[in-house]
Amino acid sequence: MTRRVAVIGGGSSGLACIKCCLDEGLEPVCYESSNDIGGLWRFKENPEADRASIYHSVIINTSKEMMCFSDFPIPAHFPNFMHNSLIMDYFRMYADRFQLTKHIRFNTKVLQVKQRSDFSNSGQWDVETENKDGKKEKHIFDAVMICIGHHCHPNMPLHDFPGIETFKGKYFHSRDYKTPEEWRNKKVVVIGIGNSGGDIAVELSRVTKQVFLSTRRGAWVLNRVGNNGLPLDLQFNRVTNTLRSVLPFGFVCGLGERVLNQRFDHTLYNLKPKHRLFSQHPTLNDELPNRILSGTVQVKPNVRRFQGSSLEFDDGSVMEDVDLVVFATGYTFSFPFLASHVLSVSENKTSLYKYVFPPELDRHTLAIIGLVQPLGAIMPISEMQARWATRVFKGCIKLPSVASMLKDAQCKQEEMAKRYVTSQRHTIQVDYISYMDELAELVGVRPKIPRLLLTDPRLGLKVMLGPCTPYQYRLRGPGKWAGARQAIFTQWERVAEPLQTRPCDEPKPKRSFMWPLILSAAAVGYILLIQLFVWLYTSNTSFTKL
């Protein structure tokens with residue numbers, strides 16, 4: 001009998017879940033409270049309660065080759081960093097290609113997800129829904145996948161800003177910001193220097209009289225555009241990831257900070273934080289330094305208090321006649337349709353095995369998909385989580401003991417606390433390559449690089465030295481895709497195509513194989529050296545025991 005799976009949410013994670021259910025022979029039913037797919041990435045002029053909302057100009061921070069689903073490359077002619085409307089176009093193509101939409105029940109809100117009375121034996125759930133006409137229904141499902149994201153509930157810490165009730169201007173959360181025109185020739189303060197805060201400050205600074213960007217800690221600011229004009233996220237690979245994990249944390253941070261300060265001195269621009277580069281989720285913004293240099297954005301410390309139309313900052317300076325304050329202060333997440341004993345959330349913290357499974361359930365038929373804040377793209381991570389979860393539901397993969405899962409979750413929380421500054425923003429942080437490999441190993445799809453170097457050296461080198469694009473996780477194992485190898489070999493062509501918009505008569509430089517060979521030899525030598533150290537250590541330990 002086919003297992004029925006409830007998928008809650010029709011955004012990028014929900015679409016991936018539907019597809020993975022179909023791949024594993026499960027029967028998905030997706031409940032989407034709005035009238036369309038897309039979730040966070042679907043722009044709406046008027047924000048809806050308890051739903052993610054973006055501003056009109058939003059462009060994604062991850063390049064198309066790193067953010068695509070692993071068996072469906074984004075069209076070559078699409079730009080490398082896509083506007084939200086193009087992301088929606090891609091989602092529609094994906095949904096059409098795999099016929100996902102017919103499994104979605106639009107305008108249907110999930111009211112309650114509850115364990116059935118025989119849950120310890122059946123693992124089944126009662127799911128209560130309500131459609132747009134107010135009709136309520138109850139359904140029985142063998143498993144549930146929750147894909148509502150973590151950008152639904154705005155965090156407005158008004159208690160941290162004395163006198164806010166006296167403010168004569170207007171204030172709102174960044175989720176309510178849509179376009180800058182309304183604020184032409186006005187004076188604006190943006191509180192928060194995350195990606196939204198930086199983007200909104202830059203956009204407003206083009207039309208306002210003055211923008212003040214208030215930050216408690218400062219930030220390290222990265223570019224989308226990396227060396228040679230290529231997307232920055234394509235310049236990280238498995239070798240750099242390994243080096244970052246084995247070299248001292250401070251040394252790696254120092255290297256990165258030196259590179260960033262060569263672009264612009266963070267101290268000179270009053271942005272340098274006390275924390276190290278990899279101790280906070282980075283802010284990506286190519287334009288912010290230029291706006292600061294031109295004076296249209298002024299960086300200020302935290303707001304101490306409000307008084308009428310004035311704001312006083314921690315350095316004692318006062319800004320008069322402020323018209324607007326935008327709180328780019330992040331989000332909180334919760335699961336109101338779940339009982340607290342099933343999954344509790346406190347201060348943006350919850351205990352999940354590999355950020356997916358509640359460890360202490362009698363039967364592991366509930367998965368939380370997409371509840372991570374990656375240093376990289378979310379779409380491939382949600383897809384990998386869904387591939388793993390559906391294999392667990394199907395019975396192909398067995399989870400470890402409760403004690404082992406709780407220990408794993410606790411270790412991840414402790415590692416995060418050591419590395420990151422204390423913030424609600426960093427409770428679900430993961431590193432893209434490390435986390436993807438961790439899940440891929442459980443699914444049985446992690447690329448075997450030593451084997452590839454022997455059996456298909458060209459592919460092995462691209463996997464090891466090239467960007468860790470999602471296609472790498474379709475080369476082998478469950479869900480293997482015949483087009484994965486070709487997608488890897490043509491990924492740079494798809495990067496270049498949208499840039500080639502006029503004829504160029506300059507002769508193309510001859511391609512040199514010297515550096516790839518040197519890097520390959522260095523990488524192989526590095527691997528052999530590590531193996532030698534392990535062998536020496538093992539031999540020495542065995543000898544000592546004797």
Colleague: If you measure only the distance, is there a donor-acceptor pair under 3.5 Å linking the side chains of Glu203 and Ser57?
Modeller: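 Note: Glu203 and Ser57 side chains meet the donor-acceptor criterion.
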Colleague: Can you find a side-chain donor-acceptor pair between Asp437 and Tyr473 that sits under 3.5 Å?
Modeller: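 Result is yes, a qualifying pair exists.
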Colleague: Counting C-beta onward and ignoring hydrogens, is there a side-chain heavy-atom pair between Leu465 and Val239 closer than 4.5 Å?
Modeller: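 Answer yes - side chains close enough.
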Colleague: List the steps, then state whether side chain to side chain contact (heavy atoms under 4.5 Å, CB included) holds for Asn84 with Val58.
Modeller: CA-CA 6 Å; Asn84 58 84; Val58 166; 3.9 Å; yes
Colleague: Spell out, as yes or no, whether a donor-acceptor pair under 3.5 Å connects the side chain of Asn155 to the backbone of Thr329.
Modeller: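 Answer holds: yes.
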Colleague: With distance as the sole criterion, is a donor-acceptor pair present between the side chains of Lys178 and Ser53 under 3.5 Å?
Modeller: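 Side-chain D/A pair, Lys178 to Ser53: present.
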Colleague: Cation-pi check for Phe98 against Lys19: NZ or CZ below 6.0 Å from the six-membered ring centre and within 45 degrees of the axis, yes or no?
Modeller: yes
Colleague: Hey, mind stepping through Leu247 and Leu243 against side chain to side chain contact (heavy atoms under 4.5 Å, CB included) and telling me if it holds?
Modeller: CA-CA 6 Å; Leu247 292 173; Leu243 289 174; 4.3 Å; yes
Colleague: Report yes if the side chains of Leu271 and Ile292 come closer than 4.5 Å at any heavy-atom pair, otherwise no.
Modeller: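 Yes, their side chains come closer than 4.5 Å.
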Colleague: Show every ring-ring contact (aromatic ring centres under 6.0 Å, His included) that has at least one partner inside residues 176-198, sequence neighbours left out.
Modeller: Tyr55-Tyr177
Colleague: For a 4.5 angstrom cut-off between non-hydrogen side-chain atoms, does Met88 reach Phe43?
Modeller: no
Colleague: Starting at CG of Asn261, measure out to CG of Leu277 and round the result to the nearest 0.5 Å.
Modeller: 10.0 Å
Colleague: Would you say CZ of Arg451 has more than 12 non-hydrogen atoms from neighbouring residues, nucleotides or ligands within 6.0 angstrom?
Modeller: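 Open: at most 12 neighbouring heavy atoms sit under 6.0 Å from CZ of Arg451.
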Colleague: Indicate whether any N or O donor in one side chain lies under 3.5 Å from an N or O acceptor in the other, for Gln472 and Arg238.
Modeller: yes
Colleague: Does the ring centre of His150 sit less than 6.0 Å away from the ring centre of Tyr331?
Modeller: no
Colleague: Answer yes or no on whether Arg304 is positioned over the face of Phe161, meaning its NZ or CZ is under 6.0 Å from the six-membered ring centre and within 45° of the axis.
Modeller: no
Colleague: Going by atom types only, do Ser279 and Arg419 share a side-chain donor-acceptor pair under 3.5 Å?
Modeller: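 Arg419 and Ser279 do not have a side-chain donor-acceptor pair below 3.5 Å.
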Colleague: Check whether any side-chain N or O of Asn80 sits under 3.5 Å from a backbone N or O of Val495 as a donor-acceptor pair, and report yes or no.
Modeller: yes
Colleague: For Gln373, does its backbone N or O pair with a side-chain atom of Gln429 as donor and acceptor, under 3.5 Å?
Modeller: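 Side chain of Gln429 to backbone of Gln373, a donor-acceptor pair under 3.5 Å: yes, one is there.
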Colleague: Using only heavy-atom distances, determine whether the side chains of Arg42 and Ser34 contain a donor-acceptor pair under 3.5 Å.
Modeller: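 Checked: Arg42/Ser34 side chains pair up, N/O donor to acceptor below 3.5 Å.
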Colleague: Taking the side chain as C-beta and beyond, is there a heavy-atom pair between Leu232 and Val225 under 4.5 Å?
Modeller: no
Colleague: Can you check whether Gln413's main-chain N or O pairs, donor with acceptor, with Lys418's side chain at less than 3.5 Å?
Modeller: no
Colleague: Hydrogens and angles aside, do Gln385 and Tyr435 bring a side-chain donor and acceptor to less than 3.5 Å of each other?
Modeller: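 Yes, Tyr435 and Gln385 have a side-chain donor paired with an acceptor closer than 3.5 Å.
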Colleague: Applying ring-ring contact (aromatic ring centres under 6.0 Å, His included) as the test, list every pair that has at least one member in residues 247-270; sequence neighbours left out.
Modeller: Trp220-His266, Phe264-His266, Phe264-Tyr269
Colleague: Atom CD1 in Ile449, atom CG in Leu461: separation rounded to 0.5 Å?
Modeller: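 Result: 10.0 Å between the selected atoms.
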Colleague: Calculate, to the nearest 0.5 Å, the distance between atoms CD1 and CD1 belonging to Ile369 and Ile148 respectively.
Modeller: 12.5 Å
Colleague: Contact between Cys468 and Phe236 at the side-chain level, heavy atoms closer than 4.5 Å - yes or no?
Modeller: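 When only atoms from C-beta onward are counted, Phe236 and Cys468 do not touch, as no gap falls below 4.5 Å.
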Colleague: How long is the gap from CG on Asn237 to OG1 on Thr240, to the nearest 0.5 Å?
Modeller: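 Going from the CG atom of Asn237 to the OG1 atom of Thr240 covers 4.0 Å.
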Colleague: Side-chain contact, heavy-atom cut-off 4.5 Å: His83 with Ile60?
Modeller: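 Side-chain contact under 4.5 Å: no.
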Colleague: Contact between Arg263 and Pro289 at the side-chain level, heavy atoms closer than 4.5 Å - yes or no?
Modeller: yes
Colleague: Any heavy-atom pair between the side chains of Met319 and Gln210 that's under 4.5 Å?
Modeller: no
Colleague: Between Thr283 and Asn195, do the side chains contain an N or O donor and an N or O acceptor separated by less than 3.5 Å?
Modeller: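 Thr283 vs Asn195: no donor-acceptor pair found between side chains.
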Colleague: Which residue pairs satisfy the side-chain hydrogen bond (donor to acceptor under 3.5 Å, both in side chains) criterion with at least one member in residues 87-98, sequence neighbours excluded?
Modeller: Asp36-Arg92
Colleague: Is atom CZ of Arg458 surrounded by more than 12 heavy atoms (other residues, nucleotides or ligands) closer than 6.0 Å?
Modeller: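 No.
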Colleague: Is it true that Glu181 and Thr179 share a donor-acceptor pair across their side chains at a distance under 3.5 Å?
Modeller: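 Their side chains do not contain a donor-acceptor pair, so the 3.5 Å distance test is not met.
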Colleague: Just by distance, with hydrogens left out, do Gln491 and Thr469 show a side-chain donor and acceptor under 3.5 Å apart?
Modeller: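 Side-chain D/A pair, Gln491 to Thr469: present.
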Colleague: Can you tell me if His77 and Glu497 form a side-chain donor-acceptor pair at under 3.5 Å?
Modeller: no
Colleague: Between Lys186 and Thr208, what is the shortest heavy-atom contact and its length?
Modeller: O-CB, 3.2 Å
